[in-house]
Amino acid sequence: MDRGKKLLLGGAVVIVFVGYLMFSGLGASYGYATPEELVSGERNGESLSVMGNVSTGTVKHEPLNRTLRFTLEGDEASIPVVYVGPIPANFGQGITVVAKGRYDGEVMHAEELMVKCPSKYEQEGTPEG
Amino acid sequence: MALGSSLLIIGLITGVYAALASAIGSYRGDESWLRSGRLATYVVAAVVGGATVLLGYYFLTDNFAIAYVAQNSMSTQPLIYKISGVWGGQGGSLLLWAGYLAVFAAIVAKTRQKPGLSGYASSLIMLTEVFFLALIIFNADPFESSVSFWSNLSGPPVEGMGLNPLLINPGMLFHPPTLYAGYAGFVIPFAFAMAGLLTRDDDWVLYTRKWSVFAWLFLGIGILVGGWWAYVILGWGGYWAWDPVENGSLMPWLTGTAFLHSVMIQEKRGGLRVWNQVLILLTYVLTVYGVFLTRSGVVESVHTFAQSGVDLYFSAFMAVALIFGLGLMTYRWGYLRSEESIADSYLSKEVSFLFNNLVLLATFFAVWWGTSFPFLSELLIGQKISIGTSFFNEVTPPFAVALLVLMGICPLIPWGKASIESLKDSFTYPLVFGLLGGVIGFLQGPVGALILGVVSFVVATHLLDTYRAYAVVKRHNPENDPLRLLFRLVARNRRRYGGYLVHIGILFIVVGVAWSSAYAVEEDIAVRQGESVQVPGGYTATFVSVAQSSYPDHSEAAAVLDVYRGGEQVYTARPSIGNYPRREIKTRNPDIWSTATRDLYFIFNGVTGGVASITVKLNPFVYFIWIGGYLMMGGGAVALWPEFSSRGEELEKFFTTTELLSKRVYDEQVVLTGKVKRVENESKYALTDGDSEMLVEGGGQVEDGDAVLIRGRFDGEVFHVEAACPECGGEVTPRDSFCGSCGEDLT
């Protein structure tokens with residue numbers, strides 16, 4: 001095989017590979033949205049990733065069906081979130097979380113729930129003086 | 001100013017000087033500048049290492065006047081968690097990184113190789129050190145006082161807040177130190193590679209061999225310990241979640257693995273220079289990116305990329321490193337391209353290494369693509385889109401299988417060109433073995449068949465290659481004890497057999513990951529006190545009680561479950577929920593009943609109206625992952641064990657006939673490669689590389705078309721084969737890949 005053909009073949013492989021990644025990437029993708037956008041009703045039914053804080057006093061856990069309900073607070077709007085599955089470590093009131101799932105116009109059904117990374121390391125609050 | 005902060009600032013200033021002095025010394029070839037640079041490097045190691053130790057001392061003495069100590073420790077914390085508190089937060093873990101690099105830099109300075117090469121390398125190492133020191137001093141100073149950190153405090157706090165409960169685990173004692181040793185370790189081969197470019201010197205490959213293996217091993221072990229920590233502490237039943245932070249450590253490991261393999265080709269055959277430079281540059285930038293992902297959380301944020309100073313600082317550093325590296329490569333393009341002669345045939349070790357590299361790079365690219373998709377999509381379509389874990393789970397397994405197949409092919413395929421006969425000879429048994437494994441694996445299912453088939457194939461090629469070498473040794477030393485011969489074989493070829501042991505470790509990990517991902521069984525059970533229910537694995541669990549216990553900073557409620565099999569109690573599980581009121585955090589502490597073939601993983605979800613909710617997960621072969629980790633450590637230890645051989649660490653260069661003729665390397669022992677042509681008699685033939693030919697005398701039996709590799713001297717007309725092992729002087733033939741007397745690797 002001469003150099004030109006090799007380059008052509010290599011290029012083709014790379015294009016197919018990147019195409020495949022794009023295709024399967026889109027199948028598993030989540031757009032980003034804010035609680036405000038969800039409340040406006042424009043993005044109902046889309047696969048979305050929403051970030052906000054867990055409102056104090058809203059967390060309800062039903063252990064029997066492993067369901068977690070809480071309100072996700074944005075800057076100006078809040079949405080109720082339902083999530084079924086293992087509760088992420090470090091989850092708690094006032095903590096920043098990312099919920100990935102769909103909003104049906106009333107409730108965000110989260111398929112994945114993540115506690116934002118830095119809070120894994122950063123300590124909040126003040127020690128006893 | 002605090003003592004610790006002062007030490008860091010002294011380190012920063014001295015580091016800048018060390019970088020300058022070493023570079024000037026290398027540029028001018030001036031030993032006095034180089035010596036001065038080395039002294040400054042030792043000072044940096046002393047002060048930064050000293051600062052790290054000092055922080056540890058503050059933790060041990062409960063010095064809560066230091067804000068970082070108050071944030072990550074408390075007086076009642078057990079000793080080991082006071083130690084791991086040092087890297088429990090941002091400032092301390094960056095300091096640990098800088099401490100490692102400073103000590104590595106001192107080791108490089110102490111074992112100075114060629115002045116030019118080592119000087120430039122030291123300079124680049126110090127520049128990296130300065131970058132991290134500046135980041136610590138200006139952004140995350142772990143020595144800041146509590147009073148200035150919390151403006152509402154009038155004096156030092158009487159008690160600390162304690163380490164984040166999730167970090168209270170032995171895994172956290174080892175995970176950051178091993179991972180960061182790997183991250184910092186990769187700076188050394190990078191710096192030497194760049195120095196090699198600057199000085200047009202290939203010897204950097206030789207000097208960094210052990211550093212690369214060391215960094216790669218620690219990075220890998222660090223990743224594994226992190227997975228183990230996630231598995232035993234996070235309480236969701238898995239060990240890997242394709243979290244950006246995890247991916248951040250996996251990416252440099254993948255490119256580092258590619259580098260580790262391809263650099264062997266440069267060492268043996270002088271090819272792939274460009275490729276190796278690109279790989280080590282990429283690995284270096286990715287280690288910085290890994291630290292950046294861990295420390296900023298930027299990927300999961302919906303805010304735009306360059307929002308904080310730290311993001312900008314890291315991005316700028318990575319950009320500068322990339323531009324510097326690529327620019328230097330362009331500048332030295334003539335040197336880089338001067339020796340490109342890698343493969344004689346597609347059926348060769350070289351090409352199997354090349355494919356291994358391509359697949360590793362493709363895997364890296366897929367992981368990078370998924371991890372960085374939010375930036376990429378924002379850049380390309382102005383909209384931030386993130387990718388779920390299903391993407392990674394779908395894309396990566398095929399690459400893993402391809403890598404395993406190549407891992408199996410590599411040991412048995414020869415350098416140069418493999419004949420069809422030799423392939424049949426080598427691969428018949430391994431293929432049969434692989435087929436057998438596949439059939440056994442099929443009892444579990446198609447995934448089992450594929451994985452066990454490929455794994456058996458790889459095991460077989462490794463065993464066969466080892467056996468062949470052993471057989472040669474045995475033939476020449478029939479009277480010796482087999483175990484002793486085997487030991488000697490391994491001892492003389494540490495890198496090879498250390499590498500094989502690492503491969504076997506990887507196989508264990510693959511089996512563990514494949515089985516626990518494909519064949520895990522999960523069940524949610526609801527059970528009243530005194531009641532029994534079926535759980536996965538053919539067991540029965542009885543919910544006995546909820547046991548409450550309290551600790552200084554938290555309380556725990558554990559569900560006590562007696563586990564029975566056939567009426568006989570075999571285990572008591574105590575998964576619990578920890579409540580940390582001051583942090584408003586609840587932790588779920590799983591109980592894992594671990595055996596070699598399966599883990600039974602209990603998660604306590606809570607109790608409502610007297611009914612306990614427990615999730616029970618049967619994870620098959622998870623233990624194999626940890627066994628694999630131990631084997632990797634063992635293999636790494638074998639490969640890194642210091643050599644005491646008389647041959648030393650000289651770089652043995654392979655020549656083709658054309659190279660030998662054009663470079664006029666006369667009367668010097670070299671290795672010549674080529675194809676046999678016109679055999680006149682048993683010890684006289686011509687050797688060719690396609691462009692030129694050379695007359696060869698001596699050595700053993702060869703045939704037309706044989707690809708050979710011979711040691712000897714060229715007198716200007718004839719190449720005289722010295723049919724002697726360079727290690728022990730024993731008799732060898734051109735076809736041997738091992739010395740029959742001592743087992744020395746001749747390939």
Side-chain angles (χ1 to χ4, degrees), chain A residues 1 10 13-14 17-18 20-22 24-34 47-52 54 56 59 61-67 84-98 100 111-112 114-129, chain B residues 64 70-72 88-90 146 150 152-155 157-161 164 166 233-237 243-245 294 296-297 300-302 362 365-366 369-370 373-374 383-391 394-395 524 526 582-588 603 605-608 611-613 615:
Chain A
M1 232 186 316
V13 169
V14 168
F17 177 59
V18 171
Y20 163 69
L21 286 184
M22 282 183 145
S24 49
L26 286 177
S29 71
Y30 297 88
Y32 280 78
T34 58
S47 268
L48 292 172
S49 173
V50 187
M51 188 173 84
V54 179
T56 305
V59 179
H61 182 224
E62 298 157 18
L64 289 193
N65 43 19
R66 291 212 293 164
T67 306
V84 179
I87 300 180
N90 250 1
F91 180 86
Q93 302 186 350
I95 277 173
T96 309
V97 296
V98 176
K100 292 182 172 183
E111 294 143 16
E112 283 180 43
M114 263 183 282
V115 174
K116 219 184 131 221
C117 314
S119 50
K120 274 185 188 167
Y121 305 98
E122 291 312 302
Q123 301 281 318
E124 284 171 11
T126 316
E128 297 161 35
Chain B
F64 302 125
Q71 278 178 304
N72 292 295
Q90 172 141 323
S146 295
W150 289 288
N152 55 348
L153 285 182
S154 54
V158 292
E159 181 57 284
M161 297 161 70
N164 183 331
L166 291 177
I233 216 80
L234 292 185
W236 58 276
D243 180 286
V245 176
T294 318
S296 71
E300 270 314 315
S301 152
V302 285
F365 187 75
W369 178 265
F373 205 75
Q383 207 182 349
K384 229 170 150 167
I385 295 172
S386 79
I387 282 184
T389 53
S390 59
F391 166 77
E394 182 190 321
V395 168
D524 293 332
R582 297 196 54 192
R583 277 175 227 273
E584 299 186 337
I585 281 177
K586 285 186 177 167
T587 59
R588 277 168 177 76
I603 307 162
N605 298 315
V607 181
T608 24
V611 181
S613 160
T615 301

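Order of the sequence lines fixes the chain letters, A, B, ..., with proteins taken first and strands second; residue numbering starts at 1 for each chain.
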Side chain, backbone, both or neither of [X] within contact of chain A (heavy atoms, under 4.5 Å):
X	result
Trp369(B)	side chain
Ala362(B)	both
Thr587(B)	neither
Ser154(B)	neither

Write down the atom of [X], the atom of [Y], and the distance for their closest heavy-atom approach.
X	Y	result
Leu21(A)	Phe391(B)	O-CE1, 3.6 Å
Tyr32(A)	Pro374(B)	OH-CG, 3.7 Å
Asn605(B)	Arg66(A)	ND2-CD, 3.2 Å
Val18(A)	Phe365(B)	CG2-CE2, 4.0 Å

Show your working on side chain to side chain contact (heavy atoms under 4.5 Å, CB included) between Thr608(B) and Glu62(A) and close with a plain yes or no.
CA-CA 8 Å; Thr608(B) 24; Glu62(A) 298 157 18; over 6 Å; no
CD-OG1 distance between Glu111(A) and Thr389(B), expressed to the nearest 0.5 angstrom:
10.0 Å
Is the shortest side-chain heavy-atom distance between Tyr20(A) and Val395(B) below 4.5 Å?
yes
Below 4.5 Å from any heavy atom of chain B, which atoms of Pro86(A) appear? Answer side chain, backbone, both or neither.
side chain
Taking side chain as everything from C-beta outward and backbone as N, CA, C, O, which of these in Tyr30(A) sits under 4.5 Å from a heavy atom of chain B? Side chain, backbone, both or neither.
both
Per-residue tally against chain A (heavy atom, under 4.5 Å) across Ala526(B), Gly388(B), Gly370(B) peaks at Gly388(B)
Please say which of Ser47(A), Ser29(A), Ser49(A) ends up in a side chain to side chain contact (heavy atoms under 4.5 Å, CB included) with Ser386(B).
Ser49(A)
